[in-house]
Every structure is written in structure tokens, then in C-alpha cells.
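These values consider heavy atoms only, across backbone and side chains, with no hydrogens, waters or symmetry-generated copies.
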Amino acid sequence: MFTIENLSKVYSSQHGTVRALDNVSFAVERGSFVAVTGGSGSGKTTLLLTLGGLIRPTAGTVAFSSRTVYTMSEPELADYRNRKVGFVLQTFNLIPYLTALENVMLPMLFNRDRNGTSQSLAAELLERVGLQDRTTHLPRELSVGQQQRVAIARALANSPDVILADEPTGNLDPNLSLEVLRILKDLNETEGRTVIMVTHSPEAAHFGDRQLRLKDGRIEE
């Protein structure tokens, strides 16, 4: 699904340069669950956001299904982010004045293929994550675990080929973390969705069928 070759990302500031990714190369097979681990500042999140089309690399290539991501036009790149990848972030990023159902519907507003089916599909996705009785609740009326499940349902809105999860259990207690990880694992095993998850937790990393450890922007193991 992904082929990453000689990927580097350098950030510049008045204090000098930081090499967040340093000549990284690897491949991700379709249907796999990859856990990306490493210490703070190792390049984990930069790698994930680069795969998702959100951070343009300084050098190297990211190919998705044999198509080079960063040679796409801006409309093509926007379509890639909206349809091909689904993002699950530590901070949830739910719109506070929208209900759970409306938050899940949001990505479908930019997908003409979903015209007329957005509400029913959003309801199905919330049921998929066990929130069928919370469709009209605002984020502040949900627990943190429920908010993360809404975020997972939203990530599935346009049936993406891959889910990119950045510390999806970072704000959750152990029981809720296990609940979210089981949902991601189930999506991987029963629906064949590719999952690439950044985590600092060794316990969470064990849910992956492959682990990739970064140190100082390089693949350590």
C-alpha cells in the first residue's frame, strides 16, 4: 500500500535546523497493522502526517498504491486526504457545537459520492463503535472514551483504505485505551483496513502485527 523511500524532513528555525526524519525507507502491506514507536522527538508524528499528505517532505518519496503522493495537484492531494486516509488523533478534534452524528457526517460533505446517504451511514458508523444511543449528544456530553470512538467513526466516514492513528490512547485510562485498541484491531482483522498507529505505549504497540521503532528520525529497529 505504501512505499516510502529515502524520506527526510528538516525543520528550520532561528535556532538552527532539526532533522525530524532522516533517510527513512520501508513499505506497508495492505491489510497490515503497523505500530510506530519511539521516544519523544523521534519523528513518529512527522512520519504519520507525511504519510497522510499533511506535511510535505524535504526529500524522498511517499507512494500510495504506486502513485507518488507529493506529485499530486492540490485538488488531488485534498481528495487523497479525504477519501484514502482516515485520521484518528489524540486530541479528538471534534467540532464542539456539532452532535456526534454531525461530526461523523462532516467528511462526507466534501464527497459527492455520499450525496443523500451521509446521515444513515453516520448512524451506522456510530453503531459500529457502540454509540447508537449517543447520536444527538454534543462532545461535552460524552466521556473521553466516547469522544475517541466518535473520532474513529468519523475517520471511517469515507471508507478510507488506511487509518492513521496518532497516539489514539494518549488521553485515555487503561480500560478505555484497551477498548479503543480493540476497535482498531477489529477494523483491521474483520474489515481488512490497514492501520498505522503511532504510540509511546509498549502495551498498545503489541496490537500491531509489525512494529517500527524510530530514534532521532531514523529507523532503529
Side-chain angles (χ1 to χ4, degrees), residues 1-4 24 26-38 44-45 47-54 62-67 69 80-94 103-104 107-108 111 121-132 144-214 219 221:
M1 173 169 284
F2 278 110
T3 303
I4 295 92
V24 171
F26 65 100
V28 176
E29 298 296 328
R30 185 175 297 275
S32 60
F33 190 138
V34 180
V36 182
T37 65
K44 304 187 302 296
T45 296
L47 175 62
L48 196 77
L49 297 181
T50 303
L51 297 183
L54 293 172
V62 176
F64 178 84
S65 297
S66 301
R67 189 171 183 197
V69 172
Y80 166 76
R81 289 189 293 254
N82 189 41
R83 296 186 187 220
K84 299 301 183 182
V85 297
F87 295 93
V88 179
L89 306 175
Q90 180 180 356
T91 52
F92 314 146
N93 287 349
L94 301 179
N103 266 285
V104 176
M108 303 184 219
N111 185 347
L121 179 59
E124 290 175 15
L125 291 172
L126 286 171
E127 183 176 2
R128 176 75 177 79
V129 296
L131 292 178
Q132 61 271 20
V144 290
Q146 289 170 337
Q147 290 180 53
Q148 187 60 295
R149 282 190 277 161
V150 173
I152 292 172
R154 182 184 58 190
L156 297 171
N158 285 326
S159 299
D161 295 315
V162 58
I163 297 172
L164 301 178
D166 187 13
E167 299 282 7
T169 62
N171 288 329
L172 307 179
D173 65 35
N175 288 334
L176 291 176
S177 295
L178 188 59
E179 183 179 290
V180 166
L181 289 166
R182 283 173 173 164
I183 290 173
L184 292 174
K185 190 66 173 177
D186 185 56
L187 290 168
N188 171 248
E189 292 184 338
T190 64
E191 298 184 13
R193 297 191 190 271
T194 305
V195 178
I196 304 176
M197 177 181 69
V198 160
T199 182
H200 67 277
S201 166
E203 293 80 10
H206 284 304
F207 277 76
D209 50 48
R210 179 184 178 195
Q211 294 184 35
L212 192 72
R213 189 163 70 197
L214 295 180
I219 296 178
E221 183 180 354

Student: Test side-chain contact (heavy atoms from CB on, under 4.5 Å) on Val162 and Lys84 and set out the steps.
Tutor: CA-CA 7 Å; Val162 58; Lys84 299 301 183 182; 5.8 Å; no
Student: With side-chain contact (heavy atoms from CB on, under 4.5 Å) as the criterion, how do Phe33 and Met197 come out once you've worked through the C-alpha distance, each side chain's angles and the decisive distance to 0.1 Å?
Tutor: CA-CA 8 Å; Phe33 190 138; Met197 177 181 69; 3.9 Å; yes
Student: For Ala165 and Leu184, which heavy atoms make the closest approach, and how far apart are they?
Tutor: CB-CD1, 4.5 Å
Student: Would a 4.5 Å heavy-atom cut-off, applied to side chains only, mark Gln147 and Val150 as touching?
Tutor: no
Student: What pair of heavy atoms forms the shortest contact from Asp209 to Lys185, and how long is it?
Tutor: N-NZ, 4.4 Å
Student: If you compare all heavy atoms of Gln211 against all heavy atoms of Ala205, which two are closest, and at what distance to 0.1 Å?
Tutor: NE2-O, 3.5 Å
Student: Identify the two heavy atoms, one from Val104 and one from Ala157, that lie closest to each other, and give their separation to 0.1 Å.
Tutor: O-CB, 3.5 Å
Student: Side-chain contact test, heavy atoms from C-beta onward, threshold under 4.5 Å: evaluate it for Gln146 versus Leu131 and give yes or no.
Tutor: yes
Student: Considering only NZ, NE, NH1 and NH2 on the basic side and carboxylate oxygens on the acidic side, decide whether Asp186 and Arg128 come within less than 4.0 Å.
Tutor: yes
Student: Tell me yes or no: between the side chains of Ser65 and Arg30, is some donor less than 3.5 Å from an acceptor?
Tutor: yes
Student: Provide the full list of side chain to side chain donor-acceptor pair (under 3.5 Å) pairs with a residue in residues 163-174, sequence neighbours left out, each pair given once.
Tutor: Thr45-Asp166, Gln90-Asn171, Glu167-His200
Student: So which atom in Ala151 and which in Phe92 form the shortest heavy-atom distance, rounded to 0.1 Å?
Tutor: CB-O, 4.1 Å
Student: Does the Gln148 side chain pair with the main chain of Pro168, one donor and one acceptor, at a distance under 3.5 Å?
Tutor: yes
Student: Any side-chain heavy atom of Thr50 within less than 4.5 Å of one from Val62?
Tutor: yes
Student: Heavy-atom distance under 4.5 Å between the side chains of Val34 and Phe2, does that happen here?
Tutor: no
Student: Do Ile163 and Ile196 have side chains that get closer than 4.5 Å, going by heavy atoms?
Tutor: no
Student: Mind checking whether Leu187 and Leu156 have side chains closer than 4.5 Å, heavy atoms only?
Tutor: yes
Student: Is there a donor-acceptor pair under 3.5 Å between the side chain of Thr199 and the backbone N or O of Ala204?
Tutor: no
Student: Using side-chain contact (heavy atoms from CB on, under 4.5 Å) as the criterion, point out the one residue from Thr37, Leu164, Val36, Leu89 that pairs with Val198.
Tutor: Val36
Student: Please check this pair: side chain of Asn188 against backbone of Thr194, looking for a donor-acceptor N/O pair closer than 3.5 Å.
Tutor: no
Student: Using side-chain heavy atoms (C-beta onward) and a distance below 4.5 Å, is Met1 in contact with Phe64?
Tutor: yes
Student: Can Glu179 and Arg149 be counted as an ion pair, charged N to O under 4.0 angstrom?
Tutor: yes
Student: May I ask you to test the Arg193-Asp161 pair for a side-chain heavy-atom distance under 4.5 Å?
Tutor: no
Student: Rounded at 0.5 Å granularity, tell me how far CG in Leu121 sits from CE in Met108.
Tutor: 4.0 Å
Student: Suppose we screen for side chain to side chain contact (heavy atoms under 4.5 Å, CB included). Which residues come up paired with Arg81, at least two apart in sequence or across chains?
Tutor: Leu54, Leu77, Ala78
Student: Output yes when Glu189 and Arg182 qualify as a salt bridge under the 4.0 Å nitrogen-oxygen rule, no when they do not.
Tutor: no
Student: Compare every heavy atom of Val88 with every heavy atom of Ala155, then report the nearest pair and how far apart it is.
Tutor: CB-CG2, 3.7 Å
Student: Please determine whether the number of non-hydrogen atoms from other residues, nucleotides or ligands lying under 6.0 Å from atom CD of Glu29 exceeds 12.
Tutor: no
